[in-house]
Amino acid sequence: METNKNEAITSRDIDFAKWYTDVCRKAELMDYSSVKGFIIYRPYGYAIWEQIQNYLNGRFKAIGVQNVYMPLVIPESLFNKEKEHVEGFAPETLIATIGGKSKIDDPLIIRPTSEVLFCEHYARIISSHRDLPKLYNQWCSVVRWEKTTRPFLRGSEFLWQEGHTIFATEQEARQNALDVLDIYDDLGSELLAIPFVKGLKTDKERFAGARETYSIEALMHDGKALQSGTTHYFGTGFAEVFGITYQGKDNVLRNPHQASWGVSTRLIGSIIMVHGDDNGLVLPPFVAPTQVIIIPIQQSKEGILTEAESIKARLEKAGFRVSLDDSDRTPGWKYAEYEMKGVPLRLEIGPRDLEKGQVVIARRVNGKKVFVANENIENEVNHLLNETHDEMYRKAKEFLKTHIIEVKTLEELKKVVDEGGYAKMMWCGERGCEDKIKEMTAATARCMPHGDHNHFDNKCAVCGKKADKIVYFAKAY
RNA sequence: CGGGACGUAGCACAGCUUGGUAGUGCGCUUGGUUCGGGACCAAGAGGUCGAGGGUUCGAAUCCCUUCGUUCCGACCA
């Protein structure tokens with residue numbers, strides 16, 4: 001049990017980066033295409049994304065969000081309207097210049113993000129306070145011409161949702177950014193079993209064109225942080241540039257306030273690197289496309305397959321995602337295969353079980369097996385899925401907790417981020433200190449966390465001046 | 001965008017130094033025996049050697065170009 005049964009996967013501690021790409025491919029989450037940075041989301045990987053979509057659509061709709069779909073392309077002239085935004089994205093756009101056989105005078109940018117499309121549309125449909133608020137979201141892919149790419153973590157094209165909301169007041173727009181940040185945090189605790197650090201980005205790390213950027217940050221097993229989602233409060237900057245105005249009850253014309261927010265298929269990368277082990281993927285139960293894999297033993301024997309099928313039907317009826325592998329592979333092969341794919345529960349049914357009126361259920365997360373009487377299967381599956389989720393979340397949270405370390409000097413900070421984890425630092429707020437840390441340690445400010453108000457010092461760890469901000473620094477993907 | 005490594009059957013690789021019939025293991029197909037931790041036997045199928053150009057009687061092998069993958073940096077979800 002303790003040996004690595006699959007030689008094909010590189011051990012996590014020997015080469016984490018290689019382990020990661022091995023898992024991506026061996027678990028059949030993705031495949032490479034012939035264009036750099038554009039990957040194929042295979043059915044199993046895409047199904048994980050669909051679970052995330054289902055969860056978020058439910059939560060979004062509960063706060064009044066409507067799904068829409070915007071065009072794939074943005075005329076360059078339109079894109080260029082907001083200066084700061086353009087400067088943030090210009091180096092990484094893919095641009096179409098030929099249509100049919102003729103040159104396009106105003107080249108079309110393949111969207112790297114859709115702020116300007118939403119703004120242009122909002123300008124047309126908003127004129128009165130009665131038209132506000134609007135809470136739009138779209139599920140789509142975006143293209144960014146990245147220099148180096150890795151499956152799910154950084155792609156030239158990736159799938160995401162982008163919410164673009166617009167309100168009469170600053171307070172509502174900022175609150176929307178914070179509300180969705182909480183939804184993302186819940187996504188972590190309820191679906192992905194990932195404890196995020198959430199908080200406000202420093203000015204240096206803020207999104208191009210935003211007034212405030214918030215993020216959820218996950219800590220990978222190798223101690224590097226992964227920004228897993230962001231929300232932004234935009235103020236009226238875009239509205240001014242794009243001429244979005246509304247007339248208030250007092251007859252005065254004003255610019256509305258905007259927010260935007262998004263998570264991407266990068267979340268799949270988070271799941272892999274937070275929970276995976278040397279035998280492959282370990283999927284949190286509620287995001288797993290298959291929660292229970294049924295493996296019949298000696299399936300050619302009388303009664304085994306019919307029993308397996310009846311258990312499958314019972315579990316499906318009880319609302320679980322379950323599949324039965326009745327292929328002619330050996331059981332041992334199937335065990336290894338579904339471990340690699342991270343299926344949370346494996347249900348074995350063989351001649352001995354049939355005789356005793358029981359099944360065997362094994363947990364992916366810890367390898368433990370239990371015998372379950374036939375009549376208790378639904379209850380036990382339900383119990384084990386919940387227990388698995390809790391255990392995975394608890395483990396990840398414990399890892400996070402032990403990897404947030406208070407530092408009072410640059411040297412201490414360097415040591416912490418080199419070993420992996422967050423260095424928690426008091427900061428004066430000066431950009432110069434942040435730049436210096438980046439230069440000396442390659443770590444960046446991840447965020448100023450909500451919910452950590454423990455001021456353990458009053459001096460900036462870099463310059464020694466008065467400091468009242470708590471910042472987490474880490475090396476990041 | 002800089003530096004390194006690598007592209008040969010679905011996968012992992014050998015062959016290249018010293019040019020001369022395209023190989024090995026796993027996987028795949030068919031049949032049979034198996035089945036509680038990646039089974040076994042037998043018979044098969046599968047490759048324009050990443051692409052383009054050059055040298056040569058002859059190129060997987062030598063030269064040039066290019067595309068892709070990957071790792072390490074700089075930049076970003």
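Note on naming: letters A, B, ... go to the chains in the order of the sequence lines (proteins, then strands), and numbering restarts at 1 for each one. We use all heavy atoms of the structure for the numbers below, so side chains are in, but hydrogens, waters and symmetry mates are not.
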Practice prompt. For nucleotides G7(B) and C16(B), find the distance between their P atoms and express it as a whole number of Å.
Written response: 13 Å
Worksheet item: What nucleic acid atoms does Pro151(A) come within less than 4.0 Å of, heavy atoms only: base, sugar-phosphate, or nothing?
Response: sugar-phosphate
Discussion item. What contact category does Gly350(A) fall into here, base, sugar-phosphate, or nothing, at under 4.0 angstrom with non-hydrogen atoms?
Written reply: base
Worksheet entry | Minimum-distance nucleotide to Glu339(A) side chain [options: C72(B), G37(B), A77(B)] | G37(B)
Practice prompt. Between C71(B), A77(B), G36(B), spot the one nearest the side chain of Thr21(A), thanks.
Written response: C71(B)
Worksheet item: What about the rings of Trp160(A) and Trp49(A), do their centers lie closer together than 6.0 Å?
Response: no
Worksheet item: Is it true that a side-chain atom of Glu162(A) and a backbone atom of Ser114(A) form a donor plus acceptor pair closer than 3.5 Å?
Response: yes
Practice prompt. Would you confirm whether the ring centroid of Phe207(A) sits within less than 6.0 angstrom of the ring centroid of Phe89(A)?
Written response: yes
Discussion item. What is the distance, to the nearest angstrom, from the CG atom on Asp328(A) to the P atom on C40(B)?
Written reply: 15 Å
Practice prompt. Determine, stepwise, if the pair Asn176(A) / Thr231(A) fulfils side chain to side chain contact (heavy atoms under 4.5 Å, CB included).
Written response: CA-CA 9 Å; Asn176(A) 178 247; Thr231(A) 75; over 6 Å; no
Worksheet item: Partner of A39(B) by Watson-Crick or G-U wobble geometry, both contacts under 3.5 Å, or none?
Response: U33(B)
Discussion item. So if I take every side-chain heavy atom of Thr148(A) and compare against C11(B), C35(B), A74(B), which nucleotide ends up nearest?
Written reply: A74(B)
Practice prompt. Please give the nucleotide sitting opposite U70(B) as a Watson-Crick or G-U wobble pair, both distances under 3.5 Å, or none.
Written response: G4(B)
Worksheet item: Roughly how far apart, to the nearest Å, are G52(B) and A9(B) at atom C1'?
Response: 23 Å
Worksheet item: Between Tyr122(A) and Tyr136(A), is the gap from one ring center to the other below 6.0 Å?
Response: yes
Worksheet item: If we take the P atom in both C67(B) and A51(B), what is their distance in whole Å?
Response: 15 Å
Practice prompt. Using both distances under 3.5 Å as the test, list the Watson-Crick or G-U wobble partner of G46(B), or none.
Written response: none
Worksheet entry | Between A77(B) (P) and Gln227(A) (CD): distance, integer Å | 6 Å
Worksheet entry | Rounded P spacing from C75(B) to G19(B) in Å | 47 Å
Worksheet item: Which nucleotide, A77(B), G36(B), C71(B), lies nearest any side-chain atom of Glu348(A)?
Response: G36(B)
Discussion item. Could you tell me how far G47(B) sits from C11(B) if I compare only their C1' atoms? Round to whole Å.
Written reply: 14 Å
Practice prompt. Would you mind classifying the nucleic acid contact of Ser264(A) as base, sugar-phosphate or nothing, using non-hydrogen atoms under 4.0 angstrom?
Written response: base
Item to complete: Record whether the side chain of Arg346(A) comes under 3.5 Å of the base of G37(B) through a donor-acceptor pair of N or O atoms.
Response: yes
Worksheet item: Of all the nucleotides listed (A39(B), C28(B), G68(B)), which has the minimum atom distance to the side chain of Thr330(A)?
Response: A39(B)
Item to complete: Determine, using ring centers only, whether Tyr335(A) and Trp333(A) are less than 6.0 Å apart.
Response: no
Worksheet item: Roughly, in whole Å, what's the span from CD in Glu146(A) to P in C75(B)?
Response: 13 Å
Worksheet item: What is the nucleic acid contact for Gly229(A), judged by heavy atoms within less than 4.0 Å: base, sugar-phosphate only, or nothing?
Response: nothing
Worksheet item: P atom, A60(B) versus A22(B): distance in rounded Å?
Response: 8 Å
Item to complete: Take atom C1' in A59(B) and the same atom in C64(B), then report the distance between them in whole Å.
Response: 15 Å
Item to complete: Please determine if a side-chain N or O atom of Lys438(A) lies less than 4.0 Å away from the OP1 or OP2 oxygen of C75(B).
Response: yes
Worksheet item: Per the atom types in the model, does the base of C35(B) pair as donor or acceptor with the side chain of Ser300(A) at under 3.5 Å?
Response: yes
Item to complete: Once you apply the 3.5 Å cut-off to both distances, tell me the Watson-Crick or G-U wobble partner of A60(B), or none.
Response: none
Discussion item. As a test of reading the structure: which of G37(B), U70(B), A77(B) is closest to the side chain of Lys369(A), going by heavy atoms?
Written reply: G37(B)
Worksheet item: Starting at CG of Leu347(A) and ending at C1' of G36(B), how long is that distance when rounded to a whole Å?
Response: 13 Å
Worksheet entry | Parallel, tilted or perpendicular: rings of Tyr422(A) and Tyr472(A) (30°, 60°) | tilted
Discussion item. Using a 4.0 Å heavy-atom cut-off, does Val263(A) contact any base of the nucleic acid, only the sugar-phosphate backbone, or nothing at all?
Written reply: nothing
Item to complete: Measure from the side chain of Pro351(A), starting at C-beta and using heavy atoms only, and say which of A77(B), G36(B), C72(B) lies closest.
Response: G36(B)
Worksheet entry | Leu354(A) CG to G36(B) C1', straight-line distance once rounded to whole Å | 14 Å
Item to complete: Measure the acute angle between the ring planes of Tyr233(A) and His257(A), then classify it against the limits of 30° and 60° as parallel, tilted or perpendicular.
Response: parallel
Fill in: G25(B): pairing nucleotide in any strand, Watson-Crick or G-U under 3.5 angstrom
C11(B)
Worksheet item: Taking the side chain of Tyr335(A) as its heavy atoms from C-beta onward, which of G36(B), A74(B), A77(B) lies nearest to it?
Response: G36(B)
Worksheet item: Nearest-Å distance, NZ (Lys36(A)) to P (C6(B))?
Response: 18 Å
Response to the item:
Of the candidates A77(B), C71(B), G36(B), the side chain of Asp353(A) sits closest to G36(B)
Worksheet entry | Value in whole Å for how far the P atom of A5(B) lies from CG of Asp15(A) | 17 Å
Discussion item. Classify Gly269(A) by what it touches in the nucleic acid, base, sugar-phosphate, or nothing, heavy-atom distance under 4.0 Å.
Written reply: nothing
Worksheet, complete the sentence: Regarding the side chain of Arg25(A), the nearest nucleotide among C71(B), C1(B), A12(B) is A12(B)
Response to the item:
Taking a pair to mean Watson-Crick or G-U wobble geometry with both distances below 3.5 Å, U18(B) pairs with none
Discussion item. What is the distance, to the nearest angstrom, from the CG atom on Asp222(A) to the C1' atom on C71(B)?
Written reply: 14 Å
Discussion item. Considering every strand and a 4.0 Å limit on heavy-atom distances, what is the contact class for Thr149(A): base, sugar-phosphate, or nothing?
Written reply: sugar-phosphate
Discussion item. If I pick the C1' atom on U48(B) and the same atom on U8(B), what distance separates them, to the nearest angstrom?
Written reply: 12 Å
Worksheet item: With distance as the sole test, does His121(A) use its side chain to make a donor-acceptor pair with the main-chain N or O of Leu117(A) at under 3.5 Å?
Response: no
Practice prompt. Please work out if Leu153(A) contacts a base, only the sugar-phosphate, or nothing of the nucleic acid, heavy-atom cut-off 4.0 Å.
Written response: base
Worksheet item: Start at the 5' end of RNA chain B and walk down; is the nucleotide closest to Ala442(A) or to Arg150(A) reached first?
Response: Arg150(A)
Item to complete: Select from Ala17(A) and Phe152(A) the residue whose nearest nucleotide in RNA chain B is closer to the 5' end of that strand.
Response: Ala17(A)
Item to complete: Check whether any side-chain nitrogen or oxygen of Arg329(A) sits under 4.0 Å from OP1 or OP2 of C28(B), and answer yes or no.
Response: yes
